[in-house]
Amino acid sequence: MARKFFVGGNWKCNGTTEEVKKIVTTLNEAEVPSEDVVEVVVSPPFVFLTLVKSLLRSDFHVAAQNCWVRKGGAFTGEVSAEMLVNLGIPWVIIGHSERRSLLSESNEFVGDKVAYALSQGLKVIACIGETLEQRESGSTMAVVAAQTKAIADKVTNWSNVVLAYEPVWAIGTGKVATPAQAQEVHCELRKWLHDNVSAEVAASTRIIYGGSVNGGNCKELAAQADVDGFLVGGASLKPEFIDIIKAATVKKN
Ligand SMILES: O=C(CO)COP(=O)(O)O
């Protein structure tokens, strides 16, 4: 089954109203491959979600950067999956490494969040990835397999899940994984899905790469067989995000 190229822009905790409007204008004016070729999703902070949704071109979509693990209620400061659905937000990022490390989100908590968001009808970009220490000690695959297993334990339908492999050492560091390093992990992850979920899920689930992706390195990464797109941080705030979206055309050649 063909996996449509996916490019997500994670704006993290950045932006003012004016900056957000400027980014959206740049996106709206860009000439990019059609929706049949690439799925584009941008993820502003919660407070800008409705603004971005109202201004953004209709072939691009929006994602929240997190949501609560269960039904809303007495959880001060949280935003529920139901609220995102109510606002017409189709996607949510879950398990980003910044939340795993800074806010101590465990594998199990992330698995529960993914399952709950899916149960409410959201589509999920589920993030996994190893730290530098874990890579250097040779445990990359064990770490990402455990993170993926915690999701697989709770999820039965993978059709609305995109798996984002984001090595922590590559995030915001300018130290991008080499195309071979990304391909190696993506290929292993697909094999893990094949062996532990199903051949269908392995073949159809998009596995995207995140960590210092930019306009200069995106094409070579996109050319890797098991790299189905990107989750972009810093560069998604800049016009070069358009070049990253255009890397989708590498897959057609
Ligand atoms: O964390 C990321 C996307 O979710 C990647 O961030 P950078 O592209 O800034 O390294």
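One-based numbering, in listed order, for ligands and for the atoms of each.
The aromatic ring centres of Trp11 and Phe241 sit 6.0 Å or more apart. If you look at Phe230 and Phe5, their ring centroids are closer than 6.0 Å.
Ranking the protein heavy atoms by distance from atom 8 (O) of ligand 1 puts Gly233 N, 2.8 Å first. Atom 3 (C) of ligand 1 has Glu166 OE2, 2.8 Å as its closest protein atom, hydrogens excluded (heavy atom only). Shortest contact from atom 6 (O) of ligand 1 to any protein heavy atom: Lys12 NZ, 3.2 Å. Of all protein heavy atoms, the one closest to atom 9 (O) of ligand 1 is Gly234 N, 2.8 Å.
Using a 4.0 Å cut-off between a side-chain N of Lys or Arg and a carboxylate O of Asp or Glu, Lys154 and Glu108 do not qualify as a salt bridge. In summary, Lys4 and Glu35 do not engage in a salt bridge, as defined by a charged side-chain N under 4.0 Å from a carboxylate O.
With ligand atoms numbered from 1 in the order given, ligand 1 contributes 5 (C), 10 (O) to contacts under 4.0 Å with heavy atoms of Gly211. For ligand 1 and His96, the ligand atoms under 4.0 Å from any heavy atom of the residue are 1 (O), 2 (C), 3 (C), 4 (O).
Side chain of His186 to backbone of Ile207: a donor-acceptor contact under 3.5 angstrom is found.
Qualifying salt bridge (charged side-chain N to carboxylate O under 4.0 Å, His left out) partners for Arg57, counting only residues two or more places apart in sequence or in other chains: Asp59. The salt bridge (charged side-chain N to carboxylate O under 4.0 Å, His left out) search around Lys246 returns none, not counting sequence neighbours.
Residue Ala235 places every heavy atom at 4.0 Å or more from ligand 1. Assignment of Ala170 to the shell around ligand 1 is supported, since a heavy atom sits closer than 4.0 Å.
Of the N or O atoms in Gly172, one or more lie within a sub-3.5 Å distance of an N or O in ligand 1. In terms of N/O distances under 3.5 Å, ligand 1 is not approached by Ile171.
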